[in-house]
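What follows is a short report on a single structure.
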Amino acid sequence: MRMSRLFLRTLRDDPSDAEVDSHRLLVRGGFIRKVASGIYSWLPLGSRVLRRVERIVREEMDAAGAQELVLPIAQPLDLWERSGRDTAYGPLMFRLQDRKESWFCLSPTAEEVITSTVAAEYSSYRDLPVNLYQVNWKYRDELRPRFGLLRAREFLMKDAYSFDLDADGLQASYRAMYDAYHRIFERCGLTFRPVEGEAGEIGGDVNHEFMAVAAVGEDDFVWCRSCDYAANVEVARRRVDAPVGAASGTSAGAPDSERWDSSRRMASVSDPSAEDPAGASAMEEVFTPGLTSIAEVTGFLGVEPSATLKSLAFEAGGRLGLALIPGDRELNEFALSRALAPTPVRLLDDADFAARPSLPRGFIGPHHPDVELVVADPSVAGRGEWVAGANRADHHVRHVVPGRDFRADRFAELVTIVTGDPCPSCGAELSVDRGIEVGQVFQLGTKYSEALGAHYTDEAGEKHPMVMGCYGIGVSRVVAAVVEEHHDEHGMAWPAAVAPFDVHLVAMPGEEPAAAAEALYHELRAEGVEVLLDDRDARAGVKFADADLIGVPVQLVVGAKGLARGVVERKVRATGERDELPLGEVVATVAAALGSAAQG
RNA sequence: CGGGGAGUGGCGCAGUGGUAGCGCACCAGCUUUGGGUGCUGGAGGUCGGGGGUUCGAAUCCCCCCUCCCCGACCA
């Protein structure tokens, strides 16, 4: 491609609405342009990257035995009513009416359509298993589109659906996809990690999310430094018999005396002033005027945050409940929801507190008379006594002893895992990192096959629902994730496999360089190399800056100085390494390097 | 949905009642010729939309729309 003809305008200034590097650079480099909030046009350079990612996805999906098809984007809403996801998605779905006023939606995913499609065609055990996929645009009317391509309302997604006879078959299908995903993300040049995930609206049981490690990611995930445990923070756990306060002792800088010894789980060692629970002091009310935060209370009373009890009020099934966690920890709301499932849980908000004067916000304690359900993190039982709210405005109580002064109706892991917590499987230290969710694999089961009638008849003539799995990859999101990982202050630095071109051939000003570059352009293309030729009538500085911004992995600079010595300069964009190639060897050397890179 | 902010030429921005400006980009020319060169000239804007106040509105008032940020939410 000749840059003089390429539909491209690079920007010298950063777009004002771009917050993250991928968004900023993709716009500056002329890869994408915003059309509406969360909706982008893919200009030629961006389109080329997208196609290369798609190609990798298709190759690996095909290799894993999946078959490509194309499903509609506009889907009848009644299909979604049959699965119940019409209401589950709610306003997240774009909806539209045709001229006959029938309702449609723009597909956010395609379980309903694929399941009804398979149900219509297949009915025998002889037909299964089958795995079908598509690469198609998806729509989600996000509350808040953000970060350019990372949270868009229109995005390109590969979605695959497997149909098996039974759970064993599903395991095999799932495993094949799990392995294919590793190859796909590796080929795209991403540093990633599969983690146990939350099911979300899709439903189902076992699932993994593939996280591209990135500071701008919207998901926190936990991983163990010594074993292979890894999970989205929403579902992450810590070792249940963990010594209370271990995490705060290391991460919050508490003195050693604050640490708990797992062999002595009772409170006596935690606080020199604490007494043995057996003979613990009675609860003692303390005047704490206006001190509603943990930090204020601990500062005022001279205790560690880990010695305070956080009581969070919630409503579940019409009942008032309290979630109890140590004061130095944050509540994992997903964990609370899981603990009370299927009853929906809602933390009380400002309006609720205003309506319930008996609940003095900031001063709530675990022994509140109105509370009908107390759910406590296991660590709450591990400490002999606590500082807690007194259920009276401007008052706290100390020497609150679990079992004596309050009790939990239920124990469940409720705290959000932080770096330093013990791994649930091996006990070693966990770390928390941020990631971009670029893919997810689910074991769905029979939810959709039952709702939409995807059954098969077995050898004995009995009917069974097909056992399904579904597997997504955010193709457009992968593009952004790759830029997040592969860029520097000058611009993008694409991994060869997904770069818009293989080689950026830069002709320096002058007639001789132009002619030499022209010749190389033809020779390289004859070797199958995809070349971007900068044949523009522009200054050298402009060309160099654009080449670094666009980020094609190899730059070949043809200039008068080099030509006088019979050489062309080569620069590797990612590393900045430069060397010189004799003019006569350029084509063979570059083609060979690309060939070996493609194999590796 | 709650809170905050912004809409002025393709991009980035200035302009607080008196005839719309700057930088970049774009066009023409000169200059320059290995890291966004310097100069000259030029084209390009119903100042988000509607209503109002005023002799006069980008500017003040009202309504609406769009976009961005924080939060809630999240294949």
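To find a chain, count down the sequence lines: A is the first, B the second, and so on, and within it residues start at 1.
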Separation of the C1' atoms in B/A43 and B/G7, to the nearest angstrom | 25 Å

Separation of the P atoms in B/G44 and B/A20, to the nearest angstrom = 15 Å

Using whole Å, report how far CE of A/Met211 lies from C1' of B/C74.
-> 12 Å

Nearest to the side chain of A/Asp13 - B/U32, B/G36, B/G23?
-> B/G23

Under 4.0 angstrom between A/Arg146 side-chain N/O and B/G71 OP1 or OP2 | yes

State whether a side-chain donor-acceptor pair under 3.5 Å links A/Asp159 with A/Tyr161.
-> yes

Closest nucleotide among B/G34, B/U32, B/G35 to the A/Arg539 side chain | B/U32

How far does the C1' atom of B/C30 sit from the matching atom of B/C69, given to the nearest Å?
-> 47 Å

Could you give the distance separating B/C60 and B/C1 at their P atoms, to the nearest angstrom?
-> 27 Å

Can you tell me if A/Gln555 and A/Glu569 form a side-chain donor-acceptor pair at under 3.5 Å?
-> no

Modelled atom types, side-chain donor and acceptor of A/Thr109 and A/Glu111, under 3.5 Å | yes

Distance-only side-chain donor-acceptor flag, A/Glu485 / A/Thr191, under 3.5 Å = yes

Could you check how far CD of A/Glu330 sits from C1' of B/A72, rounded to whole Å?
-> 16 Å

In the structure shown, which nucleotide is the Watson-Crick or G-U wobble counterpart of B/C73, with both distances under 3.5 Å?
-> none

Of all the nucleotides listed (B/C67, B/U32, B/G36), which has the minimum atom distance to the side chain of A/Arg153?
-> B/C67

Complementary nucleotide for B/U46 - Watson-Crick or wobble, under 3.5 Å | none

Mapping A/Pro15 and A/Gln555 to their closest nucleotides on RNA chain B, which lands nearer the 5' end?
-> A/Pro15

Between A/Tyr139 and A/Glu154, do the side chains contain an N or O donor and an N or O acceptor separated by less than 3.5 Å?
-> yes

For A/Leu150 and B/A75, give me the distance from atom CG to atom C1', rounded to whole Å.
-> 15 Å

Taking the six-membered ring for Trp, are A/Trp80 and A/Tyr89 ring centroids under 6.0 Å apart?
-> yes

Confirm from the modelled atom types if A/Asp14 and B/G12 form a donor-acceptor pair under 3.5 Å, side chain to base only.
-> no

Separation of the P atoms in B/G17 and B/C74, to the nearest angstrom = 48 Å

Side-chain atoms of A/Arg140 come closest, of B/G35, B/C13, B/A75, to B/A75

Assess whether one donor atom and one acceptor atom, taken from the side chain of A/Arg12 and the base of B/G35, lie less than 3.5 Å apart.
-> no

side-chain hydrogen bond (donor to acceptor under 3.5 Å, both in side chains) partner of A/Asp179, chosen from A/Arg175, A/His182, A/Arg183 = A/Arg175

Any chance the side chains of A/His208 and A/Tyr181 put a donor and an acceptor closer than 3.5 Å?
-> no

A/Arg9 side-chain N/O to B/G10 phosphate OP1/OP2 under 4.0 Å = no

Position toward the 5' end of RNA chain B (nearest nucleotide), A/Glu437 or A/Val557 = A/Val557

Expressed in angstrom and rounded to an integer, what is the separation of A/Arg536 atom CZ from B/C27 atom C1'?
-> 17 Å

d(CG, A/Leu92; P, B/A72) in whole Å = 17 Å

Consider only side-chain N and O atoms of A/Asn131 and A/Ser173, and report whether a donor and an acceptor are under 3.5 Å apart.
-> no

As its Watson-Crick or G-U partner within any shown strand, both distances under 3.5 Å, B/A58 has none

Testing B/C74, B/G36, B/C73 for proximity to the side chain of A/Leu143, the answer is B/C73

Between the side chains of A/Tyr174 and A/Ser162, is a donor N or O closer than 3.5 angstrom to an acceptor N or O?
-> no

Could you tell me the separation between the CG atom of A/Asp546 and the P atom of B/C24, rounded to a whole number of Å?
-> 16 Å

Spacing between A/Leu43 atom CG and B/G10 atom C1', to the nearest angstrom = 13 Å

Which value, in whole Å, describes the distance between the C1' atoms of nucleotides B/G9 and B/A14?
-> 14 Å

How many Å lie between CZ on A/Phe7 and C1' on B/A25, as a whole number?
-> 14 Å

Determine the contact category for A/Gly472: base if any of its heavy atoms lies under 4.0 Å from a base atom, sugar-phosphate if only primed atoms, P, OP1 or OP2 are that close, otherwise nothing.
-> nothing

Between the side chains of A/Glu196 and A/Asn232, does any donor sit under 3.5 Å from an acceptor?
-> no

Is the closest side-chain donor-acceptor distance between A/Tyr448 and A/Arg82 under 3.5 Å?
-> no

Given the C1' atoms of B/G36 and B/C26, what is the spacing between them in whole Å?
-> 16 Å

Once you apply the 3.5 Å cut-off to both distances, tell me the Watson-Crick or G-U wobble partner of B/A6, or none.
-> B/U66

Where along residues 29-38 of chain A does a heavy atom come under 4.0 Å from RNA chain B, residue by residue in number order?
-> A/Lys34, A/Ser37

Using a heavy-atom distance cut-off of less than 4.0 Å, which residues of residues 17-26 of chain A contact RNA chain B?
-> A/Asp17, A/Glu19

Rounded P spacing from B/A58 to B/G52 in Å | 15 Å

